Amino acid sequence: MSEIPAVSRRMLLGGAVATGALAAGLIGSAQNAVASSGQEPSRRPGQKSMIGVPFDVRRTVRVGVIGLGNRGGGMIMGWSAVPGCVVAAVCDIRANRVKSAADRLEAKGYPRPAEFGGSADSYAQMLKRDDIDLVYIATPWEFHYEHGKASLLSGKHVMVELPIATELHELWDLVDTSELTRKHLMLAENCSYGRNELAMLKMAHEGMFGDVTNGHGGYLHDLRELLFSDTYYTDSWRRLWHTRSTASFYPMHGLAPIAAAMDINRGDRMTLLRATATAPRGLADYRARFMPKDHPSWKETYINGDLVTCMIDTAKGRVIRAEHDVSSPRPYSRINTLAGSRGIFEDYAGPAPTGGRIYLEPDHSGHAWRDFSTYRDEFDHWLWKKVGDDAANNGGHGGMDYVLQWRTVQLIRAGLVPDIDVYDSAAWCSPVPLSVASLAKNGRPVEIPDFTRGDWATLRQGLDSRPTDMPPVA
Amino acid sequence: MRSQRLVNRLRVMAGVAVGMIMLVPTQSVAATTEEPQPGTEVTISPVDLDGPTISTVEVTVKNTDEQRLHHLKVTFAGPTGWAVEPPVREVKGTLGTGAEAATTFRIQVPEMRPGFMTRTFTATATYQGGDGLGTATATRVQKTGEPLPNIQAAFNNVAITDESNTLPGNYDGEGNSFSAQKLADVGLTPGAQVDALGAKLTWPNVPAGTKNNVSSAGQAIALNGNGSKLVFLGSGVGSGAAGNATVYYTDGTTTTGWFGFPNWSFAPADAHGATLIKSTDGRNRPDGYGNAGIAYRIFANSIPLDPAKTVELVVLPANGTVHVFDVAIAP
């Protein structure tokens with residue numbers, strides 16, 4: 001059963017994408033997955049967990065990029081700036097973007113990458129190369145699963161922008177394909193490497209919040225102007241998602257840091273999800289006020305709720321609230337709130353420079369919030385101490401992008417275990433289809449699958465890692 | 001004879017030995033010859049605190065009683081918020097006299113913090129048979145880092161301001177503070193000696209408007225000396241300004257005492273067992289001196305010491321409403 005109505009690839013891009021040959025032999029591996037049942041499909045022969053599996057050491061990490069729009073085109077410079085990393089190939093359905101990306105890299109003094117473009121299956125040609133270690137995927141959401149699976153099947157590690165897939169059987173299939181190919185697939189969750197988020201995580205592990213009981217996160221970003229732009233999202237792909245389904249499309253930026261602080265898949269797991277959605281008002285109202293009557297958007301009907309909220313239970317009795325709202329006028333926030341028996345942290349609510357506020361026992365009393373700055377300094381993650389200055393110079397989103405890229409390259413070059421694995425990625429993206437399932441049942445709870453197949457209770461390190469050096473570049 | 005052995009054993013275990021194991025029977029100390037005596041020993045292996053890491057800990061249960069021990073379950077816990085896997089272990093079979101059962105747990109250890117820290121780990125065995133007590137607990141305390149050299153190094157709050165500049169003050173979380181002028185009126189000038197409960201304490205020898213007291217948050221402060229009690233000079237915010245202070249001795253043992261202070265203004269002067277030392281008239285508010293006619297007060301309180309031992313440091317209560325101006329050992 002499809003949780004979200006299928007999008008016509010031809011309608012969007014005017015072409016067909018052939019991945020059947022690549023996927024043959026693995027298609028159907030997740031057919032046993034039952035949406036929202038909480039039952040895990042059994043592993044196939046030869047299929048083993050990827051938990052704790054280190055990367056094969058690579059002296060140089062060669063990145064192939066699929067999707068050179070706003071996100072992919074912006075990230076290529078960051079990849080190239082990381083010591084020991086080179087953008088080896090670039091790909092986009094639009095050939096002009098490919099040439100432009102290659103030109104820009106060359107102009108900056110980096111090696112000119114191999115170029116693939118002009119058709120919807122150009123990426124398949126790129127994946128045939130044997131000089132790519134990591135595929136970075138930044139295409140529209142509807143292609144993430146297809147491109148991610150094909151990249152795994154081609155024998156490459158994969159980093160996928162949010163979400164890695166939009167349907168439950170696709171999430172299971174990516175887990176299974178990773179386990180079968182023995183290649184890692186990671187969500188490119190840059191916010192997991194946010195400076196406040198990582199400090200919050202370290203404080204949780206120290207016990208500063210006592211026993212953590214609840215957390216809130218989300219993606220509250222007024223995207224209306226960009227959604228109605230004729231140039232920002234190619235073919236208006238992101239706005240069209242709001243015509244297809246009522247779902248929490250993109251809660252991961254806020255959910256992932258909270259999940260990390262609760263050690264989801266590393267001692268706890270998300271078990272139940274119940275969703276609510278407000279009426280869809282924001283996009284139609286914006287269109288009525290700002291879009292000319294001959295704009296293509298007037299043929300659209302927006303059905304996704306402006307604010308979709310997922311309440312998530314965990315096995316250890318915690319509760320997570322994950323929100324998604326890109327259709328309403330409001331300042332930006334990922335919420336980032338974590339609370340427990342001894343205190344609370346709230347992001348986007350405090351003074352500069354961190355924007356965080358905090359209240360902890362025994363440090364504080366008097367029912368008054370305190371500035372987060374001193375705590376962020378004390379619990380600053382080693383990654384920010386080490387590459388924070390480089391991140392400020394090379395990366396977008398406050399440096400989170402570069403920290404994500406630097407760390408990913410370091411993990412591969414040093415042969416370490418990834419901070420974010422396919423199980424984290426699948427769990428964090430599961431509210432996309434599960435919110436649809438819950439809303440279809442008037443908000444009743446639906447079970448969240450255990451993508452680890454029982455290994456969630458085992459304590460293991462993730463983003464709260466030990467300091468390590470980047471291997472020297474020869 | 002049996003109860004005398006129990007008393008001797010408990011006497012040995014009166015203080016928690018840092019880095020060592022203490023078996024604490026849950027039975028009353030006032031044992032009689034009819035009551036069972038502890039025959040179950042629980043030990044916790046050293047914990048690797050070089051985090052962030054996942055450390056493995058072994059908890060061993062030994063049956064020294066002549067009766068077999070069975071239906072054994074072992075729980076292990078670290079500091080609050082530290083995840084443990086699994087929370088409980090069940091041991092199959094029985095333990096004869098002298099037999100041991102070793103269980104392992106994994107615990108999430110955070111990055112080591114600067115400064116003095118104590119980390120407390122607890123293991124509890126529940127069982128049937130054996131000594132008949134049904135439960136035995138071991139506690140392991142591990143120290144890292146060094147204490148602050150003196151109380152001045154722990155000052156983190158501005159409790160005293162000059163009436164000409166009250167804005168730096170924030171004794172109570174609402175911007176109020178003691179008036180330096182009114183404190184001087186009752187003899188509390190910077191560096192003044194304060195005699196209280198047999199101890200000689202010193203009023204903070206720093207200018208008004210600067211950090212001059214400790215809002216207690218478990219700070220460890222170095223001390224040196226012997227005496228009968230440890231005296232704290234301070235005052236409270238709210239009505240719950242009390243908590244445990246832990247004294248560490250040079251021989252590695254500890255004692256813990258509970259003390260508190262009344263609210264600086266409205267609580268009975270003997271609340272929490274405190275003794276009134278000085279009262280001042282009014283207080284400084286963000287907009288200047290005010291509340292004349294209302295007393296704002298300084299108190300003393302104490303916890304007992306083991307006079308036979310040399311004090312190494314004290315860990316203040318983990319309660320930010322307990323404000324301490326000085327601490328000293330009384331003979």
Side-chain angles (χ1 to χ4, degrees), chain A residues 52 198-199 201-213 261-264 266-268 314-316 318 338-343 359-370 374-375 377-382 385 417 419 455-468, chain B residues 48-57 77-87 104-115 117 119-120 156-157 170-176 214-219 236-244 263 315-323:
Chain A
L198 285 172
L201 166 63
K202 295 184 74 66
M203 292 178 68
H205 283 171
E206 172 60 38
M208 300 296 287
F209 304 108
D211 289 320
V212 171
T213 57
M262 292 184 178
D263 300 315
I264 298 298
R266 289 165 165 73
D268 198 356
T314 80
K316 288 191 171 178
R318 296 158 170 153
L338 194 71
S341 56
R342 296 188 182 176
Y359 187 85
L360 299 173
E361 290 179 346
D363 296 10
H364 306 143
S365 61
H367 306 273
W369 291 101
R370 306 303 203 281
T374 55
Y375 291 93
D377 288 345
E378 179 178 353
F379 290 93
D380 203 15
H381 196 284
W382 68 269
K385 295 176 184 172
V417 175
D419 295 340
D455 288 335
W456 63 269
T458 301
L459 295 180
R460 57 192 176 100
Q461 286 189 269
L463 290 154
D464 190 3
S465 53
R466 296 176 72 88
T468 46
Chain B
D48 177 7
L49 295 179
D50 185 19
T53 191
I54 310 296
S55 292
T56 299
V57 182
T80 300
W82 292 26
V84 171
E85 175 210 356
T104 58
F105 297 84
R106 301 172 76 237
I107 185 167
Q108 188 171 58
V109 176
E111 183 174 344
M112 200 174 292
R113 298 179 68 183
M117 301 294 293
R119 306 300 199 181
T120 302
N156 60 2
N157 177 263
N170 193 19
Y171 176 69
D172 59 354
E174 297 178 359
N176 302 305
V214 183
S215 174
S216 298
Q219 298 92 336
V237 171
S239 59
N244 281 312
N263 180 277
V315 176
L316 297 178
N319 182 345
T321 66
V322 176
H323 287 251

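Computed from a predicted model, the values in this text were never measured in an experiment. A note on names: the letters A, B, ... follow the listed sequences, proteins ahead of strands, and every chain is numbered from 1.
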Among A/Ala457, A/Ser341, A/Ala204, which has the most heavy-atom pairs under 4.5 Å with chain B?
-> A/Ala457

Considering residues at least two apart in sequence or located in another chain, which fulfil the side chain to side chain donor-acceptor pair (under 3.5 Å) criterion with A/Tyr375?
-> A/Asp363, A/His364

Do you know which of B/Asp172, B/Thr80, B/Thr53, B/Asn156 has the most heavy-atom pairs under 4.5 Å to chain A?
-> B/Thr80

Under 4.5 Å to a heavy atom of chain A? For B/Met112 that would be neither

Please report the closest heavy-atom contact between A/Met262 and A/Thr314, naming both atoms and the distance.
-> SD-CG2, 4.3 Å

Using the test side-chain contact (heavy atoms from CB on, under 4.5 Å), find all partners of A/Asp419 that sit at least two apart in sequence or belong to another chain.
-> A/Tyr193, A/Arg407, A/Leu411, A/Leu463, A/Ser465

If one checks every heavy atom of B/Val84 against chain A at 4.5 Å, the contacting part turns out to be backbone

Counting heavy-atom pairs under 4.5 angstrom with chain A, the leader among B/Glu174, B/Arg113, B/Arg106 is B/Arg113

Of all of A/Arg342, A/Met208, A/Arg370, A/Lys316, which one pairs up most often with chain B through heavy atoms under 4.5 Å apart?
-> A/Arg342

Heavy-atom pair count under 4.5 Å with chain A, highest-scoring of B/Pro114, B/Gly218, B/Gly78, B/Ala217 | B/Ala217

Interface moiety of B/Pro79 toward chain A, non-hydrogen atoms closer than 4.5 Å = neither

Mind checking the CE-CG spacing from A/Met203 to A/Leu360? Nearest 0.5 Å is all I need.
-> 5.0 Å

